[in-house]
2 protein chains.
Amino acid sequence: MGAAAERAEEEHEEWAGVTPDAARRLVGAAVEAFAERGYHATTTRDIAGRAGMSPAALYIHYKTKEELLYRISGIGHEKALRIMGAAAGAEGSATERLRDAVRTFARWHAEHHTTARVIQYELQALGPEHYTEIAGLRRRTDRLLRQIIQDGADSGEFRADDVPGTTLAVLSLCVDVARWFTADGPRTPDEVGTLYADLVLRMVGAPDPGRSTGASH
Amino acid sequence: MGAAAERAEEEHEEWAGVTPDAARRLVGAAVEAFAERGYHATTTRDIAGRAGMSPAALYIHYKTKEELLYRISGIGHEKALRIMGAAAGAEGSATERLRDAVRTFARWHAEHHTTARVIQYELQALGPEHYTEIAGLRRRTDRLLRQIIQDGADSGEFRADDVPGTTLAVLSLCVDVARWFTADGPRTPDEVGTLYADLVLRMVGAPDPGRSTGASH
DNA sequence: CGCGCCGCTGAGCAAGCGCTTAGGGTCCGG
DNA sequence: CCGGACCCTAAGCGCTTGCTCAGCGGCGCG
């Protein structure tokens with residue numbers, strides 16, 4: 001399966017793993033609503049309404065409104081972790097892996113900016129034990145990226161005096177895409193990914209000639 | 001007045017311009033609460049309680065809870081704009097101005113991370129006309145930074161193929177400091193500012209030798 | 001001392017919240 | 001034809017929310 005087909009499949013139904021159908025419609029509706037107004041400003045009546053059901057129907061599939069957020073956060077962060085893992089586990093130099101990591105990670109945050117906004121900015125609304133569980137996924141993502149940067153620093157490809165600080169900055173940069181990105185903006189998710197990969201490679205002082213050609217059309 | 005004295009004065013009373021005393025205590029309490037739990041999850045009873053008053057006292061000084069957020073946003077974004085303006089208006093090369101801009105802007109977002117979190121991440125809770133007014137301040141800040149980067153690109157100091165995109169990334173990086181920074185973390189606001197200035201200068205391909213010496217103490 | 005004013009409180013209202021419960025369709029195996 | 005499993009809805013419960021209002025205490029002024 002080619003990269004394009006793979007991406008199309010991922011995109012087609014982001015919540016394909018959620019069954020039955022009504023439960024899936026509810027997650028979709030909740031993501032939309034949470035991203036637009038925030039978790040606390042969203043009512044269960046609003047979510048149910050968007051999914052085309054009565055308010056009570058929500059509670060057949062989810063115990064509480066918080067559980068909905070928890071499911072969304074879990075699925076989303078697992079996806080983010082898999083994206084980072086694919087880039088980190090690939091073969092190639094630290095430069096190549098970092099470029100791929102930033103490009104795909106930033107692109108995902110743009111493409112799925114509603115989901116990403118929810119899972120990155122509404123975390124504090126989770127209950128304590130759900131929060132720590134999700135925070136664990138985040139830490140694993142963080143460690144994967146840090147390892148790439150550490151590898152590049154060790155091999156001399158990168159000039160990174162402060163590896164944890166640089167990791168933090170790169171992650172912060174990618175995650176924040178979810179905050180400002182809109183589908184009607186001037187940039188496509190692909191362009192954001194490419195731009196960010198270029199910027200980050202320069203940020204870590206990677207050798208320059210490998211830069212891609214930028215926006216192409 | 002030296003830089004240290006100036007910073008100490010700014011810090012001493014962030015809301016010094018707000019009178020009378022009770023109104024100032026309310027803004028302080030509101031910023032604290034909004035930053036911790038978010039605007040919608042914060043109750044007027046909580047704000048009043050933190051300020052040591054009854055819930056009704058809030059409405060003597062502010063018409064609505066939203067007006068409190070509006071005042072906070074206004075003061076905060078004006079401060080952010082002044083910081084960026086000071087760096088942009090200073091004399092020196094684009095490199096020097098960009099370093100100064102990123103250093104002070106990121107440092108402010110770390111030092112006043114509670115305020116910054118509120119003004120940067122709770123904007124959507126503002127009413128429509130208050131929102132557009134605050135968005136205007138943000139656009140002015142954005143333009144100041146873009147001009148610095150444009151100057152550097154024009155003079156050949158920077159290699160920035162995509163000036164608006166680079167501006168967006170730099171701003172995003174600095175703003176997002178407010179999300180992850182905590183006072184008990186491993187980095188001081190000063191260190192964050194210095195680190196970020198170094199990272200950004202490399203990101204725009206500025207000549208390297210000007211890098212500062214990093215953490216100093 | 002007396003009076004008005006300003007800042008504040010105690011009590012509470014209407015509305016909206018998350019969530020529950022009793023019951024009604026619709027389908028399938030027998 | 002029946003009976004129950006499965007989804008769903010209408011109605012509404014208890015509670016909290018943003019906000020209001022009548023009234024009170026202490027201060028400055030005459």
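Only a predicted model underlies this, so the values are computations on that prediction, with no experimental measurement involved. So you know, we letter chains A, B, ... as the sequences are listed, proteins then strands, and number each from 1.
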- [ ] Confirm from the modelled atom types if A:R45 and C:dG16 form a donor-acceptor pair under 3.5 Å, side chain to base only.
- [x] no
TODO: Measure across A:Y121 and A:R179 and return the closest heavy-atom pair with its distance rounded to 0.1 Å.
DONE: OH-CB, 3.7 Å
TODO: Kindly give the heavy-atom pair with the smallest separation between A:A125 and A:Y39, and that separation in Å.
DONE: CB-CD2, 3.4 Å
TODO: Could you tell me whether the phosphate oxygens of C:dC17, OP1 or OP2, come under 4.0 Å of any side-chain nitrogen or oxygen in A:H40?
DONE: no
TODO: Check whether any side-chain N or O of A:S54 sits under 4.0 Å from OP1 or OP2 of D:dA10, and answer yes or no.
DONE: no
Spacing between [X] atom [atom1] and [N] atom [atom2], to the nearest angstrom:
X	N	atom1	atom2	result
A:M53	D:dT9	CE	P	7 Å
B:Y59	C:dG10	OH	P	17 Å
B:D21	C:dC6	CG	P	18 Å
A:K65	C:dC17	NZ	P	9 Å
A:L58	C:dC19	CG	P	8 Å

Task: Donor-acceptor pair between B:E122 and B:H40 side chains, under 3.5 angstrom - done: no
Open item on the list: I want to confirm an ordering. Mapping A:K63 and A:A41 to their closest nucleotides on DNA chain C, which one lands closer to the 5' end?
Closed with: A:A41
